[in-house]
Every structure is written in C-alpha cells, then in structure tokens.
Amino acid sequence: MALQLPQVIGHRGAALAAPENTLEGFREAARQGAKWVEFDVGLSADGQCFVLHDDTLDRTTSGKGPAHLKSIAELKSLDAGFWFGKSFEGARLPTLAETIACLTELDLMANVEIKAAPEKRHAELAKAVMTELRKLWPAAKPKPLISSFELECLRTAHAEAPEFPRGYLIWGREVDWLAKARSVAAATMNIDTDHATQGWMTELKQAGYGVLVWTVNAPERAARLIEWGADGVFTDAPGAVLARLAKGV
Ligand code: G3P
Ligand code: MG
C-alpha cells in the first residue's frame, strides 16, 4: 500500500491536552479528529521497546534518571500522567506493543520515531522496533512511517524491514541532506518549522520527497506550510490545526 501522508499528525499524541506519549494522549488525538499520531520509542535495560521522548524519566514520569537503565517492569510501574494534571494521575508509560494495540483499536495511523539510543544502542533499538512492528502491526493497515534523526537507526530499519517507509528527521538544511536521505531510501523528509522556508520546501518536493514539518502549533503557520507544499505537520494541537485547514489555505 502506497504511503498516503496526512495533513495533520498529533505530536506525541495531543501534547497540549493530554500527557505526551501516553495511551490517554493517543485517545485525545483521536477525539480531536487526528488520523495519525507521532510517538517516540526507546529500549529498556531488558531489551523491550517503550514510548517516551526524553532520555531521562524526570520530566514526564514519577521516575528519575536514564530510562534505558530501567527494566520494562520498572518503567511500567511509573506514573506518566500526574505531572500533566491531576485528572491524568495513574496514566502509564506505554510499551510499543500496548501503543500498537491502542492505535489498532482507535484506527489511528502512526509515525514511529526511533529515538537516538544512549550508549549507541541504535541498531539494537531499531531492530527491536522493526521486529515488533512486523509482528504486531495489523496486516490490513498501511505501514506506519518510521523516522529518526539517527541515520544508523534508519539504515537498520531499512535492512530489517524495508517494507516500512522511512522519514529522515533533520534539524536545519544540512548541505548533504540529499545524500543522507538517499542512503536510507527515505520517503519523507521531516523538517523543523524554524528552518522550513518556501525555497527549501520547493527543493525537497522537486527531489521527490514527502515533507512533514515539526512542531507546528499555530494554525496559521500550519496553513502557510501546507500552502508552500508541505504534505503535513506535526502538532500538539491537532484539533485546532484541523479546524484551520478545513477552511482552506
Ligand atoms: O517527529 C517529529 C518530532 O517529534 C521530532 O522532534 O524532539 O519532538 O521528537 P521531537
Ligand atoms: Mg518525536
């Protein structure tokens, strides 16, 4: 099934309305009308894939220190909701498997971001992610987009499971971006909004890439980026951006 990119991807779920990278956040994104969500994946000390943005637990959970040094059981025992608001107390840090099950129930598509693994476990992490996706992602659904800032993660994803499309995450317009994107057979370039100019957008589109821009919370900025040729944006406020885009660009 060919990759069909959406105009709006809920960033870490719907991070302005619910704790990021939790099942509660994915449910909130679906409630706001998003058809896709983005989330970040790391690897526990015992080799299990979990969903969390930061390297450390302190900002978004009741835990402390580097997440990759904890077992999956330790990670699952943490509260990942109270920091955001009392009504989210008890939300758990999800595993990749739990996240896939939740997205299947909600009929949500996904951009799975493989986070830079501490201690250079990039290949191990990417292998684990692709093995789980191959096993658990429903065959009837289009494949999710796999993205990373780390070329080694994308190289491994390509080698392990080439049928999953890849997005190269980039901060700024690196001079050798095209060679790097080609080296992992990327389908999309996932660029940051601060460096997203009309000129670069045109260059990316002419080179044949899907273009997704992060993180765009202002609806007018989202409309402008789409007007310039972006296929879609990652946003913490999917409902507001969807409402703006429904009016046309
Ligand atoms: O994938 C888009 C965006 O999530 C990349 O940055 O730091 O939010 O994971 P970050
Ligand atoms: Mg991310």
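Just so we're clear, the structure is a prediction, and the values are computed from it rather than from any experiment. Numbers for residues simply follow the sequence, beginning at 1.
Ion pairing between a basic and an acidic side chain is recognised when a charged N comes within 4.0 Å of a carboxylate O; R27 and E24 show no such pairing. Between E163 and R134 there is a salt bridge, since a side-chain N of the basic residue sits under 4.0 Å from a carboxylate O of the acidic one.
Between the side chains of R155 and S183, no donor-acceptor pair of N or O atoms lies under 3.5 Å. Judged purely by distance below 3.5 Å, without hydrogens or angles, the side chains of D46 and S71 never pair a donor atom with an acceptor atom. Side-chain contact of D236 with H11: a donor-acceptor pair under 3.5 Å is present, judged by distance alone. For the 3.5 Å distance criterion, the side chains of R121 and H68 fail to qualify, holding no donor opposite an acceptor.
By the 30° and 60° cut-offs, the orientation of the rings of W214 relative to W171 is tilted.
Under the 4.5 Å side-chain criterion, counting only non-hydrogen atoms from C-beta, T95 is not in contact with V51. Between I146 and P165, every side-chain heavy-atom pair lies at or beyond the 4.5 Å cut-off. A 4.5 Å side-chain heavy-atom check between W228 and W200 finds every atom pair outside the cut-off. No side-chain heavy atom of D79 sits under 4.5 Å from any side-chain heavy atom of T61. Here the side chains of F26 and T99 are in contact, with some heavy-atom distance below 4.5 Å. In this structure, T188 and R166 have side chains that are not in contact, with every pair of non-hydrogen atoms separated by 4.5 Å or more. Using a 4.5 Å heavy-atom threshold, the side chains of Q32 and L242 count as separate. Considering only heavy atoms from C-beta on, V129 stays 4.5 Å or farther from L43 through its side chain.
Each of F50 and F88 belongs to its own hydrophobic cluster when Ile, Leu, Val, Met, Phe, Trp and Tyr are linked at side-chain heavy-atom distances under 4.5 angstrom. In the hydrophobic cluster analysis, where Ile, Leu, Val, Met, Phe, Trp and Tyr join through side-chain heavy atoms closer than 4.5 angstrom, I114 is grouped apart from L75. One hydrophobic cluster holds both L96 and M109 under the rule that ILVMFWY side chains link at heavy-atom gaps under 4.5 Å. In terms of hydrophobic clustering, with Ile, Leu, Val, Met, Phe, Trp and Tyr side chains grouped at heavy-atom distances under 4.5 Å, V184 and L3 are assigned to different clusters. Following chains of ILVMFWY side-chain contacts shorter than 4.5 Å, one cannot reach I72 starting from L69, and the two form parts of different hydrophobic clusters.
Rounding to the nearest 0.5 angstrom, the gap separating the CD1 atom in I9 from the CZ atom in F234 is 4.0 Å. In this structure, the separation between CG on D231 and CE on M201 is 9.0 Å, given to the nearest 0.5 Å. For the atom pair K64 NZ and D58 CG, the distance stands at 5.5 Å (nearest 0.5 Å). N190 contributes atom CG, which lies 10.5 Å from atom OG of S148 (distance to the nearest 0.5 angstrom). Within the model, atoms CG of L103 and CG of L108 stand 5.5 Å from one another, a figure rounded to the nearest 0.5 Å. Taking CG from L169 and OG from S147, the interatomic distance works out to 4.5 Å, rounded to the nearest 0.5 Å.
Here the side chain of R244 pairs a donor or acceptor atom with the backbone of G248 at under 3.5 angstrom. Side chain of N111 to main chain of L145: a donor-acceptor pair is present (N/O by atom type, distance under 3.5 Å, no hydrogens or angles). Listed for the E38 side chain is a donor-acceptor partner under 3.5 Å among the backbone atoms of R12.
For the pair K135 and W137, the NZ or CZ position fails the cation-pi test of under 6.0 Å to the six-membered ring centre and within 45 degrees of the ring normal.
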Walk me through whether E203 and K205 qualify under salt bridge (Lys or Arg N to Asp or Glu O under 4.0 Å).
CA-CA 6 Å; E203 194 181 350; K205 294 307 297 180; over 6 Å; no

Steps toward salt bridge (Lys or Arg N to Asp or Glu O under 4.0 Å) verdict (E98, K76)
CA-CA 11 Å; E98 288 166 344; K76 289 299 307 170; 2.7 Å; yes

Stepwise side chain to side chain contact (heavy atoms under 4.5 Å, CB included) test for N21 and T60:
CA-CA 9 Å; N21 285 326; T60 59; over 6 Å; no

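Here the shortest heavy-atom pairing between V41 and C49 reads CG1-CB, 3.8 Å.
A side-chain contact (heavy atoms from CB on, under 4.5 Å) with H195 is found for one member of T197, D192, T193 and no other, namely D192.
Aromatic pair Y168/F149: ring centres not closer than 6.0 Å.
Around the CZ atom of R92, the shell of radius 6.0 Å holds more than 12 heavy atoms that belong to other residues, nucleotides or ligands.
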